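All values below were derived from every heavy atom in this structure, side-chain atoms included, with hydrogens, water molecules and symmetry-related copies excluded. Bear in mind that the values here come from a model prediction, so they are computed numbers and not experimental data.
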Amino acid sequence: MIRTIVESAFQTGYLSVESEGLLHQVVATKCYQSEDLPALAALYNAVRAGKIKREASSSNKLMELSPTI
């Protein structure tokens with residue numbers, strides 16, 4: 001699921017509120033595979049670099065994911 005969400009974000013250039021919520025939920029419940037972590041790290045870096053825009057720009061949810069990467 002993480003890789004699908006990340007791929008969509010890179011294709012559209014945006015990370016929706018819903019997608020970001022799903023990512024947060026998947027990480028919080030540890031329902032991911034080790035292969036998902038590089039994709040999540042790439043998304044995090046792209047958002048920080050401004051390559052992908054967050055719909056939920058006022059929220060820090062994505063930033064909360066960073067320690068797990």
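Atom SG of residue Cys31 and atom CG of residue Leu22 lie 11.5 Å apart, to the nearest 0.5 angstrom. Here the straight-line distance linking atom CD1 of Ile5 with atom CG of Leu43 works out to 9.0 Å at 0.5 Å rounding. Distance CD/Glu35 to CG/Leu40: 13.5 Å, rounded to 0.5 Å. To the nearest 0.5 Å, the span separating CZ on Phe10 from CD1 on Ile52 amounts to 4.0 Å.
By the side-chain hydrogen bond (donor to acceptor under 3.5 Å, both in side chains) test, Gln33 pairs with Arg3, sequence neighbours left out.
In the hydrophobic clustering of ILVMFWY residues, with side-chain heavy atoms under 4.5 Å counting as a link, Val47 and Tyr14 come out apart.
Between Asp36 and Val26, every side-chain heavy-atom pair lies at or beyond the 4.5 Å cut-off.
When atom types are taken as modelled, the side chain of Lys30 and the backbone of Val27 share no donor-acceptor pair closer than 3.5 angstrom. In terms of modelled atom types and a separation under 3.5 Å, the side chain of Ser19 and the main chain of Leu15 share no donor-acceptor contact.
Looking at every heavy atom in both residues, Glu55 comes nearest to Val17 through OE1-N, 3.0 Å.
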